[in-house]
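One-based numbering, in listed order, for ligands and for the atoms of each.
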Amino acid sequence: MPGEKPKVYITRRIPKPGIDILKDHCNLSFWDSDEAIPKEDLLKHVAGIDALLCMLTDPIDKEVLDAAGANLKVVSTMSVGYEHINIEECKKRNIFVCNTPNVSTDSVAELTVALLLLTCRRLLEGVNAVKNGEWGKWKPMWLCGTELSQRTLGILGLGRIGYGVARRLKPFGIKRLIYNDVCSVGYADDIDAKFVDFDTLLSESDIICICCNLTPQTKHIFNKNAFKKMKNSAILINTGRGGVIQHDDLYEALTSDQITAAGLDVTEPEPLPMDHPLVGLHNCVILPHMGSNTWDSRNKMAETAAGNILAVFRNETAIGQVNI
Ligand SMILES: O=C(O)[C@H](O)CO
């Protein structure tokens, strides 16, 4: 990179491998906190920067892009999701937008399987029963859940993560694997998954895993109408994005026995307020968006997000280039 070092602003403390990649080649400054940067501070700190390394909690909208000014060449998010970035506006301004697509696939797929087992087998209720002194003599019908063997598993979004989940769950004895996606995908043959329309996914799945992005097409696709089409015994797992589910309708479905249980790693909003009705339900397991919380993934996410910035300045192809 000839000439002056590019000014890079990082909106959070990030793992050292990311910093190491950038520190000798850029003028780095960052929000020195583990908490999200407030919008007014973001607006101040982006003025005149050449590159922004942001998190999924930072809305990179027109206002932020205006505040950054004409030098901004790349917005690199340390996440797979990029719905927090105004992609169209970046496109108009010839700003590259990059994400970290490949590095958290295993961690999120593993977490999805863990959440699915936690929910299907009512494990948290069991742990709480022991802690609360509710463990009496063995009872034949106490805390009975759903087993995976001989079930139909439905996946919404058979991308890398959906495929990773399906591959891991097949050895549990899943009888049938069906999926819905914006198109039929190459992974399907490898795991013998059949493409079905969304209504069939709803009506024939015993367990549904949401592994898709949030797009205008998937926003609130799990709503009152969708829940009506699902089996009463169905279990819904979401590790994609909270906005795919209409949460008031989910509450209704879980409390009226329309469906049996849900396991959510992502919610709308995040964080979900403590007094949200879903929080109190015994049949709704909620995790605090921790799908990619492993050091392996986080280090690689930081490396990739940093590497993408250098790639853009070196006129090389970034790993996760989403808009140009
Ligand atoms: O988009 C992502 O990368 C996840 O949701 C957070 O790791």
Suppose we call two aromatic rings close when their centres sit under 6.0 Å apart. Are Y251 and F227 close by that rule? no
Should [X] and [Y] count as an ion pair when the cut-off is N to O under 4.0 Å?
X	Y	value
D106	R168	yes
K39	D61	yes
K92	E89	yes

In a simple table, one pair per line, please give the protein and ligand 1 atom names for every N or O pair closer than 3.5 Å, along with the distance.
| unit_1 | atom_1 | unit_2 | atom_2 | d |
| --- | --- | --- | --- | --- |
| ligand 1 | 1 (O) | V80 | N | 3.1 |
| ligand 1 | 1 (O) | G81 | N | 2.8 |
| ligand 1 | 1 (O) | R241 | NH2 | 2.7 |
| ligand 1 | 3 (O) | V80 | N | 2.6 |
| ligand 1 | 5 (O) | R241 | NH1 | 2.7 |
| ligand 1 | 5 (O) | R241 | NH2 | 3.4 |
| ligand 1 | 5 (O) | H289 | NE2 | 2.8 |
| ligand 1 | 7 (O) | S292 | OG | 2.5 |

Is the ring pair Y9/H45 parallel, tilted or perpendicular, if the boundaries are 30 and 60 degrees? parallel
Atom OH of residue position Y82 - does it have more than 12 heavy atoms of other residues, nucleotides or ligands inside 6.0 Å? no
